[in-house]
*Asks:* 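Let me begin by handing over the structure; questions about it come next.
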Number of protein chains: 2
Amino acid sequence: MEIPARPLTLAGEIAATLEKEIITGDLAPGQRLDEQMLGNRFNASRTPVREALRLLAASGLVTSEPRLGTLVSRPTVSEIMDLFELVGEMEAVAARLACERMTEHHRIAIADSHEACRLAAAGADVDLYIRMNDLFHAAIHAASDNRALIAQIGALNKRLMPYRHFITFRPERNQAATQEHELLAAKLLSGDAPAAARAMREHVGMLAEDALVLARSLKL
Amino acid sequence: MEIPARPLTLAGEIAATLEKEIITGDLAPGQRLDEQMLGNRFNASRTPVREALRLLAASGLVTSEPRLGTLVSRPTVSEIMDLFELVGEMEAVAARLACERMTEHHRIAIADSHEACRLAAAGADVDLYIRMNDLFHAAIHAASDNRALIAQIGALNKRLMPYRHFITFRPERNQAATQEHELLAAKLLSGDAPAAARAMREHVGMLAEDALVLARSLKL
DNA sequence: TTCAAAATTCTTGTATACATCTGGCATACG
DNA sequence: CGTATGCCAGATGTATACAAGAATTTTGAA
């Protein structure tokens with residue numbers, strides 16, 4: 001399920017490259033993925049290309065129908081909403097579990113990464129903010145102490161990345177997110193698990209809403 | 001991700017067969033899956049067999065390491081616990097959403113399937129009870145109205161099926177489950193979403209506990 | 001000119017052959 | 001006798017060839 005950092009096989013390398021391109025939007029939803037063409041591009045035969053496509057299909061990034069070929073997934077708005085809701089619920093679960101289980105080490109990691117987010121949001125370095133935001137959420141995940149949950153959230157985020165990609169770069173959204181983080185961190189660190197879960201659900205819900213509004217306005 | 005009912009490709013057919021055998025336990029965890037051997041068995045070449053194995057690896061039923069081959073997944077006790085906890089949390093989410101969203105149609109389906117579970121538990125037909133139990137949970141899932149959530153729960157249950165397989169056949173467990181269903185159904189139908197979520201979490205937690213106790217006693 | 005049907009072409013599914021790596025075993029050396 | 005090294009068998013990764021189905025184009029007639 002997890003694609004290794006340094007793939008030992010051609011198929012894995014191809015999958016990793018295509019995944020990155022889909023996530024960043026270089027490969028647009030609906031784009032057809034011709035096996036032979038990809039083979040030429042990567043100087044490989046169709047065999048490893050096919051395996052790569054199956055790997056991506058498994059994570060939901062591409063859709064493959066027998067005899068019809070595979071293309072970059074283009075979920076409906078309704079499906080995207082379901083995915084956002086699901087990831088929000090799972091993040092909320094992670095927040096609640098983190099609240100109940102976090103050790104001192106986790107507590108420090110959460111507090112520190114939250115502070116780093118604040119500083120990054122104040123500055124203008126968008127890329128830095130994104131990294132710190134990821135770090136904050138990762139700290140919560142780690143504290144939840146459930147590998148399966150963390151893996152699922154990661155997989156879902158990959159699928160949603162093409163749609164949250166452009167929203168993350170909007171500074172005003174980052175300002176709002178920082179305030180939401182503020183509440184979330186407070187509830188987490190004070191040990192109020194239900195409130196932390198609610199705050200997280202709200203936080204992801206806001207992101208989803210903005211992403212969908214923007215998506216509609218861009219007629220995607 | 002979803003394996004079609006009537007696969008049009010050899011790979012899909014092989015995957016479906018192997019999946020069933022893993023779920024029922026005919027293929028034990030840790031069992032090595034030799035590509036050529038499987039090819040002989042299904043009168044197919046290694047190519048579709050490899051694709052089938054990749055499909056199963058994606059759903060977590062088999063584990064595949066480059067150059068080392070693939071074998072039926074044998075998660076650690078800790079990993080199984082994480083999976084049970086995760087599915088419990090997701091079922092709880094489904095229960096809460098179902099509570100908030102169910103239409104009259106869903107309400108009837110939940111009440112009816114619950115009643116069917118009661119009757120089946122009173123009788124001795126274990127297979128019937130299992131089907132009715134699935135129906136009850138499916139009714140809740142449907143009411144939650146989130147396809148992505150339903151799909152995830154289904155995938156997780158597949159991965160856990162080898163471990164809950166033997167517990168489901170124990171009549172005393174079914175008696176207890178029926179009582180848990182009673183509480184769950186009451187909360188669902190009365191519209192108490194948080195209580196329904198708690199009841200569901202508790203319900204799955206009980207199952208997990210029993211499954212793990214039994215697994216340990218059987219030295220799996 | 002337009003619609004329909006057939007043929008061609010292109011893409012995917014499968015089979016087979018070759019390359020490369022892993023693991024075991026035997027042999028030789030310390 | 002224990003350990004290390006090198007060879008060999010077997011399995012996986014990749015490439016190529018062939019088969020079958022889908023889409024497009026072309027051709028024919030109305």
Side-chain angles (χ1 to χ4, degrees), chain A residues 1-22 27-74, chain B residues 1-22 27-74:
Chain A
M1 182 178 292
E2 197 76 20
I3 295 169
R6 183 67 195 278
L8 299 89
T9 69
L10 246 179
E13 199 171 331
I14 294 171
T17 303
L18 289 179
E19 176 182 290
K20 191 167 62 183
E21 293 185 0
I22 293 172
L27 282 172
Q31 169 81 44
R32 188 170 166 71
L33 297 172
D34 185 274
E35 295 176 359
Q36 185 145 340
M37 192 182 62
L38 291 173
N40 294 338
R41 187 186 144 190
F42 289 103
N43 287 97
S45 77
R46 280 177 51 219
T47 310
V49 170
R50 279 176 69 84
E51 291 212 4
L53 292 179
R54 295 300 139 89
L55 283 177
L56 296 175
S59 64
L61 283 152
V62 307
T63 306
S64 194
E65 294 238 27
R67 293 269 167 212
L68 297 181
T70 112
L71 40 96
V72 179
S73 291
R74 178 153 67 183
Chain B
M1 183 175 288
E2 197 76 18
I3 294 168
R6 183 70 195 279
L8 299 90
T9 70
L10 247 178
E13 199 171 332
I14 294 171
T17 303
L18 290 178
E19 176 182 291
K20 190 167 63 182
E21 294 185 358
I22 293 171
L27 282 171
Q31 170 80 44
R32 190 173 166 68
L33 298 172
D34 186 274
E35 295 177 0
Q36 184 139 345
M37 192 181 61
L38 291 173
N40 294 338
R41 185 185 146 189
F42 290 101
N43 288 97
S45 76
R46 280 178 52 219
T47 311
V49 170
R50 280 176 68 84
E51 291 211 3
L53 292 179
R54 293 300 140 88
L55 282 176
L56 297 174
S59 65
L61 282 149
V62 306
T63 306
S64 194
E65 293 239 27
R67 293 274 167 205
L68 297 182
T70 110
L71 41 95
V72 180
S73 291
R74 180 154 65 184

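Because the structure is a prediction, the values reported are computed rather than measured. The chains referred to below are lettered A, B, ... by the order of the sequence lines, with proteins before strands, and numbering in each begins at 1.
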*Asks:* Do B/V62 and B/L27 have side-chain heavy atoms sitting under 4.5 Å apart?
*Replies:*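 Side chain of B/V62 against side chain of B/L27, heavy atoms only: no contact under 4.5 Å found.
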*Asks:* For the CD atom of A/Q31 and the OG1 atom of A/T70, what is their distance to the nearest 0.5 Å?
*Replies:*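 Reported value, rounded in 0.5 Å steps: 10.0 Å.
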*Asks:* So if I take residues 32-47 of chain A and measure heavy-atom distances to DNA chain C, which residues fall below 4.0 Å?
*Replies:*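 Residues of residues 32-47 of chain A that come under 4.0 Å of DNA chain C are, in numerical order, A/R32, A/L33, A/D34, A/E35, A/R46.
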*Asks:* In Å and rounded to the nearest 0.5 Å, what is the CG to CZ distance from A/L33 to A/R50?
*Replies:*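 If I round to the nearest 0.5 Å, the distance is 13.0 Å.
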*Asks:* Could you check if a side-chain atom of B/I14 sits within less than 4.5 angstrom of a side-chain atom of B/L55, using non-hydrogen atoms only?
*Replies:*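 Not touching, per the 4.5 Å side-chain cut-off.
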*Asks:* A/E51 has an atom CD; how far is it from atom C1' of C/dG13, in whole Å?
*Replies:*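 Spelled out: CD on A/E51 to C1' on C/dG13 is 14 Å.
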*Asks:* For B/R67 and for A/R67, locate the closest nucleotide of DNA chain D by heavy-atom distance; then report the residue assigned to the nucleotide nearer the 5' terminus.
*Replies:*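 Per heavy-atom nearest nucleotide, the more 5' residue is B/R67.
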*Asks:* Answer whether the closest heavy-atom distance between the side chains of B/L18 and B/L38 falls below 4.5 Å.
*Replies:*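 Yes, at least one pair of side-chain atoms sits under 4.5 Å.
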*Asks:* For atom CD of B/Q36, decide whether the heavy atoms of other residues, nucleotides or ligands shown that lie under 6.0 angstrom number more than 12.
*Replies:*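 Open: at most 12 neighbouring heavy atoms sit under 6.0 Å from CD of B/Q36.
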*Asks:* Is there a side-chain contact between B/T63 and B/S73 (heavy atoms, below 4.5 Å)?
*Replies:*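 Of all side-chain heavy-atom pairs linking B/S73 with B/T63, at least one is under 4.5 Å.
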*Asks:* How far apart are the closest heavy atoms of B/R32 and B/L71, and which atoms are they?
*Replies:*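 Distance-wise, the nearest heavy atoms are CA-CB, 4.0 Å.
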*Asks:* Rounded to the nearest Å, what distance is computed from the CG atom of residue B/L55 to the P atom of nucleotide C/dG13?
*Replies:*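 In whole Å, C/dG13 P lies 11 Å from B/L55 CG.
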*Asks:* Evaluate whether atom CD of B/E21 has more than 12 neighbouring non-hydrogen atoms of other residues, nucleotides or ligands under 6.0 angstrom away.
*Replies:*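 Counting other residues, nucleotides and ligands, CD of B/E21 exceeds 12 neighbours.
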*Asks:* Using the C1' atoms of the five pairs at each end, what is the angle between the end axes of the helix from C/dT1-D/dA30 to C/dG30-D/dC1, to 10°?
*Replies:*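 Axis angle across the helix from C/dT1-D/dA30 to C/dG30-D/dC1, nearest 10°: 10°.
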*Asks:* Rounded to the nearest 0.5 Å, how far apart are CG of A/L56 and CG of A/L61?
*Replies:*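 Here the rounded value is 6.0 Å.
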*Asks:* Minimum heavy-atom separation for A/T9 and B/P66, please, with both atom names.
*Replies:*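 Taking every non-hydrogen atom into account, CG2-CB, 3.7 Å.
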*Asks:* Rounded to the nearest angstrom, tell me the gap between atom CG in A/L71 and atom P in C/dT12.
*Replies:*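 Going from CG in A/L71 over to P in C/dT12 covers 10 Å.
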*Asks:* Report yes if a side-chain nitrogen or oxygen of A/R50 is closer than 4.0 Å to either non-bridging phosphate oxygen (OP1 or OP2) of C/dT12; otherwise report no.
*Replies:*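 Answer is no, no contact under 4.0 Å.
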*Asks:* Of all nucleotides in DNA chain D that come within under 4.0 Å of a heavy atom of chain B, which is furthest toward the 5' end and which toward the 3' end?
*Replies:*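 So the outermost contacting nucleotides come out as D/dA11 to D/dT14.
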